[in-house]
Amino acid sequence: MANSNRNKSTSKGWLWLMGTLIVLAVLAAAASLYYQYKHLSHGEHSSVKQAIQEVKSVKKAKDAYDVIVVGTDPEGVAAAVSAARNGLSTLLVDGRNRQILGGLMTLGWINSLDMNYSPNKNLLGKDDVFNKGIFSEWYAKVEGDSFDVNTAANAFNDLVKNEKNIDVLLKTRKVDPLLAQGQNVVQGATITLENGSTQVVKASSVIDATQDGDFAAAAGVPFTMGHEDIGDPKSKMAVTLAFRLKNVTPEVWSLMAKRLNGDNDDGSGVTEVSVYGYKEMSNYPPLNKDRAKMRGLNMGRENDNTVLINSLQIFGVDTFDPESVKEAFEIGKKELPNVVAYMQKTFPEFSSLELAGTAPELYVRETRHMQGEYRLNIVDVCTNNDQWDRIGFGSYPVDIQRISPTDSGNVVCKPKQYAIPFRSIVPLKVDGLLVVGRAASYDTLPHGSARVMPTGMAEGEAAGAAAMLAKQEKMTFRQLAGSKEEIAKLQEHLIKQGMELQPIALKPQPFMEHKSYEGLKSALMLGLASGAYDNNFHLDDAANPKRMVNLVSGARKMKPDAWVGDVNQAIANLQNADKIPLTLEQASYTITQALGLKAASTEAQSKLMENKLLTEVTLKLITDKQKLTNADTYLLIKDLKVGLTGKP
């Protein structure tokens, strides 16, 4: 009887315990949902502007740290926090006389995020984000896809000040690499302090999170500049001077929403915190026609009836020359009163708005592109390519902003999800160093997507964890980058930190299954093909002689010294060259004219084959030799590139 009662008691005890666990699980799930609602949905817009917290900066750094992070932009904050959480003593230092954290976001006033959204939804049915980790931790603290810069600065500071392993050193004049004697190995930094004195600080590793890869360049890391890798080294995307408008009341916001949230398919719209549209602003007549141009308005809402606008583009700026930077500010500040007057005149809802200042720093989109162990290319991005050593993901459209006032910009493609490899933050030639952010190892075209802040913060978080792993395993970053076993450890560790790094499992894009896909890849790598937001490269559209001339002219970048002829002579005697069909004979003749190969139009095809610039494989893929398609012309470009350079 006693055993029976004991069994009943035990049974009741288990039932009670199971019931309690179920209740706790339900409560935990509810708490998680509430957290997501409160922190990730960014519900209502606040009207209370935070005061900026003071960043506690040490007056002088210690003599040695496990890792030095150079640069206080978002990528640098993520790197420092990740390193510190992995038990490394960390110095976060900036050489740009800054007093707050966040760089481009908080001092460049770019307060609207270019997000990497997953095709999946979160538990609340809202768009989910890639990467998560420290980026999502920061994102939960701000108002949404657009944010108040004070909120953002404080959110960055909150991440840093809570880490006991981080020393912050601000308002330094310069941070130079400390290299091992006679070796390309970074062993720390020589820091020029605010008072002009210098201090040598040693470290096991350094993470360069500067916007332009300044530290890495000084250490001897190789870079390309601007569009150099597609044959145009003098061109790079415009810089922007962000500006603030005041008197943007809730009533004004409602009027903007009424205008932009109607039945339109032009990509414009208004959310609780963001405005994107007013494409008519591109018609604004600039005072300085050679140096300035407006585009549609990108507005980020602040918490005091003001907005920040990222829309004034300035060209021909050497951002490494202080005088050129000063001139850019002057151009922008002269232009903006007229810009605002044009807005007031053109759009009734803007009649009461006033200019309320310009950003302390320029928004510089593009300068150096590092040459690393792997260089992310445009085919990787457009084809949603995975990488075995993935440390983060991108999905933002490949947005190539104007390079001159007469340029209209370009969207090459819109990926769904592609991987950033660890090898793309490991520089060639120099050890003891990682480079994260927009100066990482990307070609110029994929940089149009991968340069966005959420991707850079994922790289920063990975770099901080990699510094721990390299120290623990007594390996260089280059050795780490070559070890699948160690990279698997890094990925596992990052997942434990809250990142999501599962392999990509997407169906091939339709254009990847086209018979002329190999030709398209060559055209993409040369910057000669664009699919825009719908990834439609118009492969089966009819080509014409004029377009072929333009295509071959653009292909000159593959080997400029081979273009000794005059490509325009190919259509000199043709009427309506932009309307008539393109024949294989005419296409071949266009190429021979560009290369200065003497051949009549009827002999051009044979001449190309004789010089191994055209293959039988391509000829078999061209279905109608009297009416070539765009895809056919891309195949011709592929053969030409292989014949001239040995590379597809």
Side-chain angles (χ1 to χ4, degrees), residues 55-77 79-80 83 89-104 106-108 156 160 166-181 183-223 225 239 317-326 328-329 360-362 364 367-368 370 427 429-440 460 463:
V55 180
K56 292 185 178 179
S57 173
V58 296
K59 291 184 178 180
K60 190 176 181 183
K62 298 171 187 173
D63 291 335
Y65 293 85
D66 292 322
V67 62
I68 298 172
V69 178
V70 185
T72 54
D73 277 86
E75 300 89 342
V77 172
S89 59
T90 305
L91 176 65
L92 176 59
V93 59
D94 195 282
R96 298 186 62 172
N97 197 31
R98 292 169 166 172
Q99 298 185 62
I100 62 174
L101 306 179
L104 177 63
T106 56
L107 294 165
F156 286 122
V160 169
I166 297 178
D167 281 349
V168 179
L169 179 59
L170 296 181
K171 299 189 73 173
T172 62
R173 295 188 184 181
K174 199 176 180 187
V175 184
D176 293 310
L178 178 67
L179 297 173
Q181 187 71 31
Q183 301 178 54
N184 291 325
V185 180
V186 174
Q187 293 186 326
T190 301
I191 301 171
T192 304
L193 302 173
E194 185 180 10
N195 63 10
S197 65
T198 60
Q199 181 187 5
V200 172
V201 181
K202 294 194 173 181
S204 301
S205 59
V206 176
I207 299 169
D208 183 348
T210 61
Q211 293 181 5
D212 303 303
D214 297 326
F215 185 92
V221 172
F223 287 84
M225 186 66 72
V239 307
V317 183
D318 179 357
T319 53
F320 299 120
D321 178 0
E323 288 302 313
S324 183
V325 171
K326 180 181 177 182
F329 273 103
E361 295 184 7
L362 291 175
V364 181
T367 54
R368 300 187 182 103
M370 183 181 78
K429 294 188 178 182
V430 178
D431 286 318
L433 178 66
L434 296 173
V435 178
V436 299
R438 74 170 192 231

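Only this structure's heavy atoms are used, side chains among them; waters, hydrogens and symmetry mates stay out.
For the pair Val186 and Leu179, the minimum side-chain heavy-atom distance is below 4.5 Å. Contact of the Thr367 side chain with the Met225 side chain is registered, since non-hydrogen atoms from C-beta on lie closer than 4.5 Å. The side-chain heavy atoms of Leu170 and Leu101, taken from C-beta on, include a pair separated by under 4.5 Å. Looking at heavy atoms from C-beta onward, Arg173 lies out of side-chain contact with Glu194 at the 4.5 angstrom threshold. Contact of the Val175 side chain with the Asp214 side chain is not registered, since no non-hydrogen atoms from C-beta on lie closer than 4.5 Å. Between Asp176 and Thr198, the closest side-chain pair of non-hydrogen atoms is not below 4.5 Å.
Closest of all the heavy-atom pairs between Val201 and Leu178 is O-CD2, 4.5 Å. Between Asp208 and Ala216, the shortest heavy-atom contact is OD2-N, 2.8 Å. Shown here for Ala80 and Ile166, the closest heavy-atom pair between the two residues is O-CD1, 3.6 Å. The nearest pair of heavy atoms linking Val317 to Ala328 is CG2-CB, 3.8 Å.
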Evaluate the side-chain contact (heavy atoms from CB on, under 4.5 Å) criterion for residues Gln199 and Asp63: first the C-alpha distance (whole Å), next the side-chain angles of each, then the deciding distance (0.1 Å), finally the verdict. CA-CA 8 Å; Gln199 181 187 5; Asp63 291 335; 3.9 Å; yes
Evaluate side-chain contact (heavy atoms from CB on, under 4.5 Å) for Val221 paired with Met370, printing each intermediate quantity in order. CA-CA 7 Å; Val221 172; Met370 183 181 78; 3.6 Å; yes
Just do the side chain to side chain donor-acceptor pair (under 3.5 Å) check on Asp66 and Ser89 with the steps written out, would you? CA-CA 5 Å; Asp66 292 322; Ser89 59; 3.2 Å; yes
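With hydrogens and angles disregarded, no donor-acceptor distance shorter than 3.5 Å links the side chain of Asp318 to the backbone of Ser324. Although no hydrogens or angles enter the test, the distance criterion places no donor-acceptor pair under 3.5 Å between the side chain of Thr210 and the main chain of Gly71. Judged by distance alone, with hydrogens and angles left aside, the side-chain atoms of Asp167 form no donor-acceptor pair with the main-chain N or O of Ala61 at under 3.5 Å.
For the pairing with Val77, the side-chain contact (heavy atoms from CB on, under 4.5 Å) check across Val69, Val168, Val160 returns one residue only, Val160.
The CG atom of Leu92 sits 10.5 Å away from the OH atom of Tyr65 when rounded to the nearest 0.5 Å. Atom OG1 of Thr72 sits about 8.5 Å away from atom CD1 of Ile100, to the nearest 0.5 Å. The distance from the CD atom of Glu75 to the CG atom of Leu104 is 8.0 Å, given to the nearest 0.5 Å. The distance from atom CD1 of Ile191 to atom CG of Leu169, rounded to the nearest 0.5 Å, is 5.5 Å. With rounding to the nearest 0.5 Å, the separation of CZ in Arg98 from CG in Leu107 is 5.5 Å. Going from atom CG of Leu193 over to atom NZ of Lys60 covers 7.5 Å, rounded to the nearest 0.5 Å.
With sequence neighbours excluded, no residue forms a side chain to side chain donor-acceptor pair (under 3.5 Å) with Thr90. For Phe156, the ring-ring contact (aromatic ring centres under 6.0 Å, His included) partners at least two apart in sequence or on another chain are Trp138.
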Just distance, no hydrogens or angles: give the donor-acceptor pairs under 3.5 Å from side chains in residues 429-439, sequence neighbours left out.
| residue | atom | partner | partner atom | Å |
| --- | --- | --- | --- | --- |
| Asp431 | OD1 | Arg478 | NE | 3.1 |
| Asp431 | OD1 | Arg478 | NH2 | 2.9 |
| Arg438 | NE | Gln211 | O | 3.0 |
| Arg438 | NH1 | Gln211 | OE1 | 3.3 |
| Arg438 | NH1 | Val364 | O | 2.4 |
| Arg438 | NH2 | Asp212 | OD1 | 2.5 |
| Arg438 | NH2 | Val364 | O | 3.3 |

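More than 12 heavy atoms of other residues, nucleotides or ligands sit less than 6.0 Å from atom CG of Asp321.
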